[in-house]
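Report on one structure; see the data block that follows.
Below, chain A is the first sequence line, B the second, and so on; all start at residue 1. The analysis underlying the following values was restricted to heavy atoms, covering all of them including side chains, and did not include hydrogens, waters or symmetry mates. Given the structure is predicted, the values throughout are model-derived calculations rather than measurements.
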Protein chains: 2
Amino acid sequence: MAELLVTIVCGLLSVVYGIWAIQSVMAADTGNERMQEIAGAIQEGAQAYLTRQYTTIAIVGVVIFAIVAFLLSIPVAIGFAIGAILSAAAGFIGMLVSVRANVRTAQAASQSLGAGLSIAFRSGAITGMFVAGLALLGVAVYYYILTEIMGYAGTSRAVIDALVALGFGASLISIFARLGGGIFTKGADVGGDLVGKVEAGIPEDDPRNPATIADNVGDNVGDCAGMAADLFETYAVTLVATMVLAAIYFAGSDVLQAAMVYPLVICGVCAVASIAGTFFVKLGQSNSIMGALYKGFIATAVISLIALYPITSWVFGGMDVVLTLPTGFSFTPMALFLCGVSGLVITGLIIWITEYYTGTGFRPVRSIASASQTGHGTNVIQGLAISMEATALPAIVIIAGIIVTFQLAGLFGIAIAVTTMLALAGMVVALDAFGPVTDNAGGIAEMADLPAEVRDTTDALDAVGNTTKAVTKGYAIGSAGLGALVLFTAYTQDLKFFAANSDQYGYFQGVTSETLDFSLSNPYVVVGLFFGGLLPFLFGGIAMTAVGRAASAVVEEVRRQFKEKPGIMKGEERPDYGRAVDMLTRAAIREMIVPSLLPVLSPIVCFFAINAIAGKANGFAALGAMLLGVIVTGLFVALSMTAGGGAWDNAKKYIEDGNYGGKGSDAHKAAVTGDTVGDPYKDTAGPAVNPMIKITNIVALLLLAVLAHQ
Amino acid sequence: MAELLVTIVCGLLSVVYGIWAIQSVMAADTGNERMQEIAGAIQEGAQAYLTRQYTTIAIVGVVIFAIVAFLLSIPVAIGFAIGAILSAAAGFIGMLVSVRANVRTAQAASQSLGAGLSIAFRSGAITGMFVAGLALLGVAVYYYILTEIMGYAGTSRAVIDALVALGFGASLISIFARLGGGIFTKGADVGGDLVGKVEAGIPEDDPRNPATIADNVGDNVGDCAGMAADLFETYAVTLVATMVLAAIYFAGSDVLQAAMVYPLVICGVCAVASIAGTFFVKLGQSNSIMGALYKGFIATAVISLIALYPITSWVFGGMDVVLTLPTGFSFTPMALFLCGVSGLVITGLIIWITEYYTGTGFRPVRSIASASQTGHGTNVIQGLAISMEATALPAIVIIAGIIVTFQLAGLFGIAIAVTTMLALAGMVVALDAFGPVTDNAGGIAEMADLPAEVRDTTDALDAVGNTTKAVTKGYAIGSAGLGALVLFTAYTQDLKFFAANSDQYGYFQGVTSETLDFSLSNPYVVVGLFFGGLLPFLFGGIAMTAVGRAASAVVEEVRRQFKEKPGIMKGEERPDYGRAVDMLTRAAIREMIVPSLLPVLSPIVCFFAINAIAGKANGFAALGAMLLGVIVTGLFVALSMTAGGGAWDNAKKYIEDGNYGGKGSDAHKAAVTGDTVGDPYKDTAGPAVNPMIKITNIVALLLLAVLAHQ
């Protein structure tokens, strides 16, 4: 299959770009000895943390591998392993580069803004291309092996189950990495700020603060590795769900092959467009960093848009073929192309809305800054108000996206729109992963006592990083909102398939179109909606508590060091950075387990509980509704947390830029409180909701497969 | 009809109790001249505010009355007027008593705790009995007039539409009163605290603070009148929806009459049980105020439980009659009795859970207090974590309630459970409305310089008021969660009725069981869920912003007075209390309009937008889903806000009791910030979500009636 091979080549290109870029970053100057020493400590801490995190996940993973192999089959379990291992690899490689690019960025920033931007962005692009490339290769190569080498039909259960398991593997890594990394980074950040900035009155990244290395480690394990795993799974799960939907919808039709590889080809083309886009990231005459990044993003989007039309025509053999859904609805590849365009437009709108809500130039952030003048309380009230308000426009964009793409090409149109949205992941991750590098570069500049201008340059880079980080999160959760219907449809179609073939799949006897009722007037559907709805709230609550606990532990550790070694504050004694890193490592690993298992176990509990009370059909109905319930509240919880946190952060920056009294004023103190509150909002609980939503969906699909196997 | 007359007598008894209690409260000693002067200022401010608020609502109300009369009929418009006027009356009377009981409670508290409790509780009970009594009388008497005097059949559209319009009238008052009152009270509270406690360093209720009278006025217009309107509408809407459901389900059956009056009789009996319960509220030897209040509540619940069995048997003519739903599901009155018992158990569980999350004796509040030690940021983080976590258990109770009562008696069973839950409203409102009286009494004691012991007594009463206020909110929103299915079912059944008779109701031609698809796999259903889901977030965001803005205005006004009249702080000059009251009045009225109209207009926009895009049937499906979407997110938003706010408040109290450094410590300052954040959470945005949910449902039902009339 030419299409599949083209996709694989595109995936390989991404990886090749990544390897080339690694060499180019590593060749840069690493600065003076002090800088290298600091960077070394960060590298050591980050590597130690990730090794421990992945070891823990590996234990869970091996158990699940065995269960999947036992309940389903070895090829399915291998799919799970591929998803998990590649996701972990993308995160690990990204982090390894990130902790080496930080010091090089600091050094380059001492020459020029452009040089600093170039290294930081290239480092981010490495993570981005590895995420997109490995995810694409994982799905495409395993699909190739299963269908072309092992000879399974694309629509066979073996292939579908293996692809779903691949998504599950990615999801599992992602929830652990997002949560563990999020707890680590924000425990360090919040704890370090509280005891350093607030109590001891020393600036951020001051080398006297024993938590400062941990804070820089956290940026890498949270914002780089955690985010990479999150986007890897979003990408993989969406791709897989779209392929599964194609397999179900077009089984027996001429267009089956084309429809199944079409999402892969979209991702392949957009991956190449992302590589091309990276070369457009260059400082213009205005010296606008955001402008430079946008140039790269816009180039990627435009190239993708232009390429989408011919490749659609190529895959389907013309633009006037007719595709017909089982509902009888017909459309042409032209409609699918327009769905892809819609996906790009939705991405653009969400970026634009996120920037409005988190950028310092607009009403929301300024209103929080202004409210800081009357104290901590009003800052937080206004921040919460903005965080809630910020959910409305993205939700309306998602609603409009659903309506438009559904009108164009039914549910398959929605799937294609989300796939196209996520096909840009390489570029979007690049924009995001650039953040922790610049954040670290600033920290290294501060700790190594580089001249103030260097710090100004890294600060300018870092401020942009805040916005791009918020944008990525909005993008990830927005795609989840749009993708919810795709995942839910995959679930219902799968269920329908098993129910229709209940002679073969005995467990599904009695589940018929009469007994299975997904209508809102079925109370078990409402029960499922409520049960799903409570998960993001409970999960968010646990995650916030975990950060608070980790931060308190950091505060106490730092206080202890200050007390036992009075020389630290005088700059005569070196703090024990390692202890804070160690402590956070243990805390993060311990705290991530329970909340991560919540979305894994909930679908199973929901199904079997309602099954016991009201029968199988209602159990499946409640489970389906749970999947939508978790997205309905999860979408708003995640959007509000990520936007609110970004707005709080930039409100502080806006004050630091000299407004409302500037640094050190009472308004600034209130803004620091808001920023602290926003930290776990935007970097722990909020972004972890996205993999949480996916994992419930994927587990539900796997549960069906397991029950069918009985 | 004997049952109807008995119900009316019960309703009258509540009103008679209220009138008797008013006389008894008014007969108490009003204290010294200074106290009377202060109370006079509060009375004046509260009356001025409510008069303006109701005038504004009256203008909106008259317009809607005309629209309803034009689009439907005069009797329906009269139903609307009855709901609106009685709701307003209950709130107004309650507030008039409350602002007179405050000074009498302060005076009584100078004699003994028991005497203070007695007057404060009796004042609360007046509001409670007027709410329950007038709501019950409104529904029962108008139903009596329509069916017995005007001769309409109970199942006729005229009766159903009139009852729904009655609920709409109550809802409209409620959303305005909750929001307007909430913005007023929290604008005053937050603003007054910020500038008084934090900036000027004077205690709460210090007479030198120009916002102090406004703060006391706010307690009455928000926590008394606003809450009364909220519970009035919850009561009326639930009662009406249950009757409508009975009319639809049992049309043509022998049990129709019985099923329609059964909810009325439950409310009547429980109203009398509430009156009896008030006499059990007496301080025991332990001097526990909460214990005294619980005695009253438990007595009410037990008497209701005992009475429920015989009256069920009486209404249905025995316990072994068989009731059959259109779905074919059969049950006996015994099952309905058990549903009623379930309603009482759910109420008890929700009270218990709320106390766990907001009481100072348990982990959640203490964890917030403990987190205050490390600063403002960690206090807020932990408070947000608790607020999110606090949604899980109530949601599970609601889920269990749905399952149990549905198993007992289908959807009608759920309706009966909610009705029984709300039948206790008289007692629950009494517990709640006691709060603002004691809060005011404390303020008066402070301002009138009464001895410290008096303030201690009123403080003890006030602390209990915080918990009972949280309990009422949990109860109101919990019933809304359970009632959501009832309202949604009323909507779908109504729709089904019009669709089945589309020869008579021409607009509904083409809406058939084939085209109308409430299944979750219909994208327009998902669109509706998302659209409904965004409303509580947007609404909450707007409400929080409004409070922040009002509070900032108060801060500036107070700062201006302090600056222009330096004698105020020395106690030589009297602040201009009236200006703060005036300013807040204008702010609250102005800010309440837009968010109040949001839930009124959203169902209409949702239906016509989707109707234009995808046809009538999908428009109705999306609208139905919107009703559930608003409850799915609204339930969690409201629960988290009300529980979180209560927990923050009591964490501050826990520190003030001498823990973690006590008053004036850094932990206390952090806890004050948390309390400030919690204020608009628990008293403005959170509780207003409840009427918001109801109003979207009621408007949807009215929309169906209007469309049927075309």
Discussion item. Just verifying a value: how many Å separate B:Leu411 CG and B:Gln493 CD, rounded to the nearest 0.5 Å?
Written reply: 8.0 Å

Item to complete: Applying salt bridge (charged side-chain N to carboxylate O under 4.0 Å, His left out), name anything that partners B:Asp189, two or more places apart in sequence or on another chain.
Response: B:Lys186

Discussion item. Tell me which of these, B:Ala392, B:Pro523, B:Ala543, has more heavy-atom pairs under 4.5 Å with chain A than the rest.
Written reply: B:Pro523

Worksheet, complete the sentence: Per-residue tally against chain A (heavy atom, under 4.5 Å) across B:Val555, B:Thr391, B:Ile398, B:Val526 peaks at B:Val526

Worksheet item: By a 4.5 Å heavy-atom criterion (distance strictly below it), what part of B:Ile402 contacts chain A: side chain, backbone, both, or neither?
Response: side chain

Practice prompt. Just jot down the salt bridge (charged side-chain N to carboxylate O under 4.0 Å, His left out) partners of A:Lys496, sequence neighbours excluded, or say none.
Written response: none

Fill in: Side chain, backbone, both or neither of B:Phe530 within contact of chain A (heavy atoms, under 4.5 Å)
both

Response to the item:
Okay, B:Val527 and chain A: the region with an atom under 4.5 Å from a heavy atom over there is both

Discussion item. Which atoms of B:Leu485 are under 4.5 Å from chain A, going by heavy atoms: the side chain, the backbone, both sets, or neither?
Written reply: side chain

Item to complete: Please state whether the side chain, the backbone, both or neither of B:Ile386 comes within less than 4.5 Å of a heavy atom of chain A.
Response: neither

Worksheet item: Of the backbone (N, CA, C, O) and the side chain (C-beta and beyond), which part of B:Phe636 lies under 4.5 Å from a heavy atom of chain A, both, or neither?
Response: both

Worksheet item: Stepwise, does the ring pair (Phe, Tyr, Trp, His ring centres under 6.0 Å) test hold for A:Tyr524 with B:Phe406?
Response: CA-CA 9 Å; A:Tyr524 297 105; B:Phe406 181 75; 5.7 Å; yes

Worksheet item: Which one, B:Thr492, B:Val190, B:Ile403, leads in non-hydrogen pairs under 4.5 Å with chain A?
Response: B:Ile403

Worksheet item: Heavy-atom distance under 4.5 Å to chain A: side chain of B:Tyr681, backbone, both or neither?
Response: side chain

